[in-house]
2 protein chains.
Amino acid sequence: MAEQKVQTMEDFALASGISRPTVSKYFNDPDSVRSSTRQRIEAALAKFNYTPNLFAVNQNRKQTRNIGVIVPYLADPFFAEMARLIERRCIDAGYWPILFSSHGQRQMEINALETLRSLRPAGALIAPLGRASDLEVMRKFAEDVPTVAFDSNQDIGDAFVGSDNFQSIALIVDYLCRTGEPPCFFEMPPVNPNAMKRRAAYIQAMERAGQTPEIIRVGGQSWEFEAMGLEEGKRLIAERKLPTNTVLCSNDRIAIGLLAAAYQSGLRVGRGEGCALRIAGHDDHPWAQFTCPPLTTVSQNYSAIVERSVEKLFDLMSSGVKSESREEILFDGQLILRSSA
Amino acid sequence: MAEQKVQTMEDFALASGISRPTVSKYFNDPDSVRSSTRQRIEAALAKFNYTPNLFAVNQNRKQTRNIGVIVPYLADPFFAEMARLIERRCIDAGYWPILFSSHGQRQMEINALETLRSLRPAGALIAPLGRASDLEVMRKFAEDVPTVAFDSNQDIGDAFVGSDNFQSIALIVDYLCRTGEPPCFFEMPPVNPNAMKRRAAYIQAMERAGQTPEIIRVGGQSWEFEAMGLEEGKRLIAERKLPTNTVLCSNDRIAIGLLAAAYQSGLRVGRGEGCALRIAGHDDHPWAQFTCPPLTTVSQNYSAIVERSVEKLFDLMSSGVKSESREEILFDGQLILRSSA
DNA sequence: CTCAAAACTTTACGCGCGACAAATTATCAA
DNA sequence: TTGATAATTTGTCGCGCGTAAAGTTTTGAG
């Protein structure tokens, strides 16, 4: 079989005995051609292993099928998992997700936005860095590209999808108050609005329960939450500065660090007899089930958040009009009882 | 200021008073134009915020500046970290890394390769899934694109960069034998050659030390190593089937699961008095320092592996010729002593 | 000031494909 | 069989840019 090189759609059309425009139509929507034609094309496809040149395709299409996905920190399994779900969902819908990580750095986020823009994406799903974000740049981006924000509500994009921190934090505060000493609150660094909201939600929930809020304050902009939880935790334990024997951590990564600190300090964590400390988290991080002891926490509804984000984005993309009002969609968290609290 | 729309390079050239070919030259290499010209262009750039259309650029360039990066499982922080380092390195060198995750699935890896191919990348850095990989497809890909494989040595690509499992496993086996009961070996699922090599290395090291190898066998192709370590570990402990009081895990994620199993079974882990079990891992996973107790392990030289992979790829890209011999570059591991063993 | 080299401008072509209009052919119901 | 309709073919244009050739200007050394 003389396998001539089939590089262009022209070549392929010739080789398969179909005209180029029809082949083009097929690639845009396989169901738009007669089934007999489709079969002939697919037979040729199997033989020649041709793929349209994505650059040429996207240069000419009015709208590309690219969807940009930007997450603040890919080494955080929470975002890795979200990214995984989003990718799958987009691919299934016939789109091409392109993943960027800001790696916790302002400039990387800006770069990602610029690169993304030059790809003329049909839409974007963005979890902003938060305080480190350049909102100006992001707003300009969102003016041109349908954008859904998730996780961190920075008032950018045409919609936001995330968790209701006030509901979820209240849930676990109530649980902790009901089953033992009221919790103090181990903050995460104020990198994004979630940090602020969770703190406020904690205060609100404590006051409603008639308790005095106690907050372990944390500064900085670092995303190395585990290290922070460990170091700060060791110090607090050594200096006996923990206000109560129950600690609610602003997120699970902080809790993982604090669990390590407790272990290294010889404190037994849990809600049973002989335990000196209760530790709870927030997010239901993929590895919260493997900590020692397994972490009691509030789950974020990963799949619901992804599902609605993508759905909302597709709506925006197809409608074409910029809605004047920014929609905010919040999902409830769920109590995940394990043995750490 | 009448800000006319500057969309194309033509517009931009007109607006900045420079000819289009010169502008084009500037974007390809800012140093290739006279500095006075460069300043004029950059002044206009600040004013008009123009970016060349990536699709048009890449369609015409003989070689794009895209570099494909494929990892088997992005939710694994080891790969997340590797991806992060690779991305940074490529961007610094003026390339555009595009990240794909196979999510542990054969078909996703094939898709990634196909999508990547249609981006006509200048090169690719691939950590293959391993046994689940379609080697046929991968080899065909590597015929057309300069490819460096890392982490998992599947005999594809023009070079391989990774760790010397025989060196690293021997290191920790010797340490464990020297300081206590010789270790048994808790396998990872045989997803890739590393699994096989580490097992073989363990056997070799034990025999050289005059000890009898004891292997806890694991099957399947799952990438959920922690869950496997936890469940299998609980079973083994409950049924008292652990051959020795020292367990060397094939990687840190297995060890994290086993640590959780030990904790939940009430076994104290460590090398001190009153400890029932020693557990060691392999890789120096980003979170090995936060386990309870902190994990003794062998580190992989992340930065060296990344550095050499990227360097090797750039060599291949610039030389243009396919070297007839496949180079294999292995780095030594280093003993990381913490308190789990 | 002179002159060659370097940098620039002008002009033109082509990349691979989407999109469209007009002409042709295949399909299916009556 | 006929006609209407859907599907396909033919032909043609243009997307935004890289690239090359040929002509023009600028630069800097002597």
Side-chain angles (χ1 to χ4, degrees), chain A residues 4-45 48-66 94 96 115 117-122, chain B residues 4-42 44-45 48-66 94 96 115 117-122 144:
Chain A
Q4 68 258 41
K5 285 279 171 193
V6 173
Q7 293 283 8
T8 74
M9 191 179 280
E10 199 79 50
D11 297 343
F12 179 74
L14 202 70
S16 59
I18 312 267
S19 75
R20 192 181 65 75
T22 303
V23 171
S24 170
K25 250 185 105 187
Y26 166 84
F27 278 108
N28 275 317
D29 177 8
D31 288 322
S32 68
V33 303
R34 205 157 38 208
S35 74
S36 62
T37 314
R38 177 171 172 176
Q39 282 170 20
R40 284 170 65 197
I41 293 181
E42 282 169 354
L45 217 46
F48 292 109
N49 191 33
Y50 160 77
T51 324
N53 181 325
L54 255 188
F55 296 112
V57 169
N58 282 316
Q59 181 175 10
N60 294 304
R61 250 206 273 264
K62 301 219 168 101
Q63 182 174 269
T64 69
R65 302 199 135 255
N66 303 329
W96 187 47
T115 306
R117 183 197 291 273
S118 68
L119 283 171
R120 316 255 184 259
Chain B
Q4 68 259 38
K5 285 280 173 193
V6 173
Q7 293 284 7
T8 73
M9 191 179 281
E10 199 79 50
D11 298 343
F12 179 74
L14 202 69
S16 59
I18 312 267
S19 74
R20 192 180 65 73
T22 302
V23 172
S24 171
K25 247 186 110 190
Y26 167 83
F27 278 107
N28 275 318
D29 177 9
D31 288 321
S32 67
V33 303
R34 206 157 38 209
S35 74
S36 63
T37 314
R38 177 171 170 175
Q39 282 168 22
R40 286 170 64 198
I41 293 180
E42 281 168 356
L45 216 46
F48 291 109
N49 192 33
Y50 160 78
T51 323
N53 181 324
L54 256 188
F55 296 113
V57 169
N58 282 316
Q59 180 175 11
N60 294 306
R61 251 206 274 263
K62 302 223 169 96
Q63 181 173 270
T64 70
R65 304 199 133 253
N66 304 329
W96 187 48
T115 306
R117 183 197 292 273
S118 68
L119 283 171
R120 316 259 183 257
D144 302 338

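In what follows, chains carry the letters A, B, and so on, assigned in the order in which the sequence lines appear, proteins first and then strands, with residues in each chain numbered from 1.
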Aromatic ring pairing A/Phe12/A/Tyr50, orientation class (parallel under 30°, perpendicular over 60°, tilted between):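 Rings of A/Phe12 and A/Tyr50: parallel, as their planes differ by under 30°.
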Length of the line joining [X]:[atom1] and [N]:[atom2], which is rounded to integer Å:
X: B/Lys25; N: D/dG16; atom1: NZ; atom2: P; answer: 24 Å
X: A/Tyr26; N: D/dT9; atom1: OH; atom2: P; answer: 15 Å
X: B/Phe55; N: D/dG18; atom1: CZ; atom2: P; answer: 15 Å
X: A/Asp11; N: C/dC17; atom1: CG; atom2: C1'; answer: 13 Å
X: B/Asp29; N: D/dT19; atom1: CG; atom2: P; answer: 12 Å
X: B/Ile41; N: C/dC8; atom1: CD1; atom2: C1'; answer: 11 Å
X: A/Asn58; N: C/dA19; atom1: CG; atom2: P; answer: 11 Å
X: B/Arg38; N: C/dC8; atom1: CZ; atom2: C1'; answer: 17 Å

Closest heavy-atom contact between [X] and [Y]?
X: B/Ala56; Y: A/Gln59; answer: CB-NE2, 3.6 Å
X: B/Met9; Y: B/Val23; answer: CG-CG1, 3.7 Å
X: B/Asp144; Y: B/Arg117; answer: OD2-NH1, 2.5 Å

[N] OP1/OP2 closer than 4.0 Å to side-chain N/O of [X]:
X: A/Thr22; N: D/dT9; value: yes
X: A/Ser24; N: C/dG18; value: yes
X: A/Ser32; N: D/dA7; value: no

A/Arg38 side-chain N/O to A/Tyr26 backbone N/O, donor-acceptor pair under 3.5 Å: no
Which atoms of nucleotides 11-16 of chain C (N or O only) lie under 3.5 Å from a protein N or O atom, and what are those distances?
residue: C/dA12; atom: N6; partner: B/Arg20; partner atom: NH2; Å: 3.4
residue: C/dG14; atom: N2; partner: B/Asn60; partner atom: OD1; Å: 3.1
residue: C/dC15; atom: O2; partner: B/Asn60; partner atom: OD1; Å: 2.2
residue: C/dG16; atom: O4'; partner: B/Gln59; partner atom: NE2; Å: 3.2
residue: C/dG16; atom: N2; partner: A/Asn60; partner atom: OD1; Å: 3.2
residue: C/dG16; atom: N2; partner: A/Asn60; partner atom: ND2; Å: 2.6
residue: C/dG16; atom: N3; partner: B/Gln59; partner atom: NE2; Å: 3.0

Pair A/Phe55-A/Asn60, side chain to side chain contact (heavy atoms under 4.5 Å, CB included): steps then yes or no: CA-CA 9 Å; A/Phe55 296 112; A/Asn60 294 304; over 6 Å; no
Residue pairs, two or more places apart or on separate chains, that pass salt bridge (charged side-chain N to carboxylate O under 4.0 Å, His left out) and touch residues 12-22 of chain B: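 Of all non-adjacent pairs touching residues 12-22 of chain B, those that pass salt bridge (charged side-chain N to carboxylate O under 4.0 Å, His left out) are B/Glu10-B/Arg20.
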